[in-house]
Enquirer: 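Once you've had a glance at the structure underneath, I'll fire off some questions.
When a residue number appears, it is its place in the shown sequence, counting from 1.
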Amino acid sequence: MEATDLYKNLELREVQIGDISVGLRQIGQGKDLVFLHGFPTHGYTWRKLIPKLSGHFTCHILDLPGLGDSKWTDTSDFSTKGQAGYVTSLLDELGIATYSLVAHDSGATIARAIAINHRQCVENLILLNTEIPHHRPPWIPFYQKIGLLPGVPQVIRLLLQQNWFLQSPMGFREFYADKSKLKIASNILPYIDAVIRSNQKTTGAFRYLKGIDWKLVDEFEHLHRKIKARTLLLWGTQDRTFPIRLGREMVPQFACEVEFKAIQNASLLPHEEQAEEVIQTILDFVERGGPTPR
């Protein structure tokens, strides 16, 4: 079964945590591996990693509030710390006491907040192309400011139906080093289809985006040293959203065991462009820290 079909066939659980519902898919056996996506993706972004990693771990793939198959209310807390709280409450609900986190983009900011405040729980922290202290990625602060203004969600829904917008820097251009991937429907449509069809989904996506806490991101320069989990930074070399040079500069900020791995021929989503290399790097890293039970 192909990776996309496997992911689509996973049972979707809707787990109620306070005023939100997390979309949860689970597969595999072994130690617990929790996947946190960034913006504007959702659990689907991990589809290429799941077939092999689920042979070594119990994989928990989350759709965070605002994106994918999550549900939320007007009172939901979309801040980075709020999102981290929902994730840890979910893991408590599932009875998962210790786990490793695989997280991308803004999901990796949420993962770092968890690793700092729940140090006894996180064994391995695997971060892909994520926010960097004192760096602001192109367009994101702009979308944070305008995304929830009256009429903007409707305009965005219209723009997402235009190929020129999807392939522009304002859209998805920096997702992939190989720009031909932007023309493959399965690479883009799963992230925009529900948004195009639903103003509520568009609003949720922008509420997620607005919740990114840049003050906390900047504080990571000093907070990184509080992380105890073994940490792996995976980075697409051609990423213009979070340049690899700045990603490398974070390494000395960690006091724990930390490794940095550059993924060639990849941009913002190395786990989609170079899935096999990302899988092997994760397995090698985790196994160096001790046996991985099956």
Enquirer: I'd like to know if K31 and E123 make a salt bridge, using a cut-off of under 4.0 Å between side-chain N and carboxylate O.
Expert: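 A salt bridge is present here (some side-chain N lies under 4.0 Å from a carboxylate O).
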Enquirer: Any donor-acceptor pair under 3.5 Å linking the side-chain atoms of Y208 with those of S70?
Expert: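 No, Y208 and S70 have no side-chain donor paired with an acceptor closer than 3.5 Å.
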Enquirer: May I ask you to decide whether K181 forms a salt bridge with E273, counting only side-chain N to carboxylate O separations under 4.0 Å?
Expert: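 Result for this pair is no, no salt bridge flagged.
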Enquirer: For the side chain to side chain donor-acceptor pair (under 3.5 Å) test, which of T130, T80, N117 pairs with R112?
Expert: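 Between R112 and the candidates, side chain to side chain donor-acceptor pair (under 3.5 Å) is satisfied uniquely by T130.
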Enquirer: Just checking W46 against H37, ring centres under 6.0 Å apart?
Expert: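 Centroid separation for W46 and H37: 6.0 Å or greater.
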Enquirer: Can a salt bridge be assigned to the pair K201 and D193 using a cut-off of 4.0 Å between side-chain N and carboxylate O?
Expert: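 Salt bridge between K201 and D193, a charged N being under 4.0 Å from a carboxylate O: no.
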Enquirer: For E257, which of R288, R230, K228 qualifies under salt bridge (Lys or Arg N to Asp or Glu O under 4.0 Å)?
Expert: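 Option passing the salt bridge (Lys or Arg N to Asp or Glu O under 4.0 Å) with E257: R230.
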Enquirer: Compare every heavy atom of D69 with every heavy atom of D63, then report the nearest pair and how far apart it is.
Expert: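 Closest heavy-atom pair between D63 and D69: OD2-N, 2.7 Å.
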Enquirer: For L182, check side-chain contact (heavy atoms from CB on, under 4.5 Å) against everything at least two apart and list the hits.
Expert: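 Counting only residues at least two positions away or on another chain, L182 forms a side-chain contact (heavy atoms from CB on, under 4.5 Å) with Q167, F172, Y176, K179, I188.
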Enquirer: In terms of relative ring orientation, are Y7 and Y44 parallel, tilted or perpendicular, with 30° and 60° separating the classes?
Expert: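 Geometry flag for Y44 against Y7: perpendicular rings.
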Enquirer: Does the side chain of T58 come under 3.5 Å of the side chain of Q26 through a donor N or O and an acceptor N or O?
Expert: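 Result is no, nothing qualifies.
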Enquirer: Does atom NZ of K226 have more than 12 heavy-atom neighbours, drawn from other residues, nucleotides or ligands, at distances under 6.0 Å?
Expert: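 Atom NZ in K226 is not packed in, count stays at 12 or less.
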Enquirer: Check this for me, if you would: do E276 and K48 make a salt bridge, where the nitrogen-to-carboxylate-oxygen distance has to be below 4.0 angstrom?
Expert: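 No, E276 and K48 are not salt-bridged.
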Enquirer: In terms of the angle between their ring planes, are F206 and Y143 parallel, tilted or perpendicular, with boundaries placed at 30° and 60°?
Expert: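 Rings of F206 and Y143: tilted, as their planes differ by 30° to 60°.
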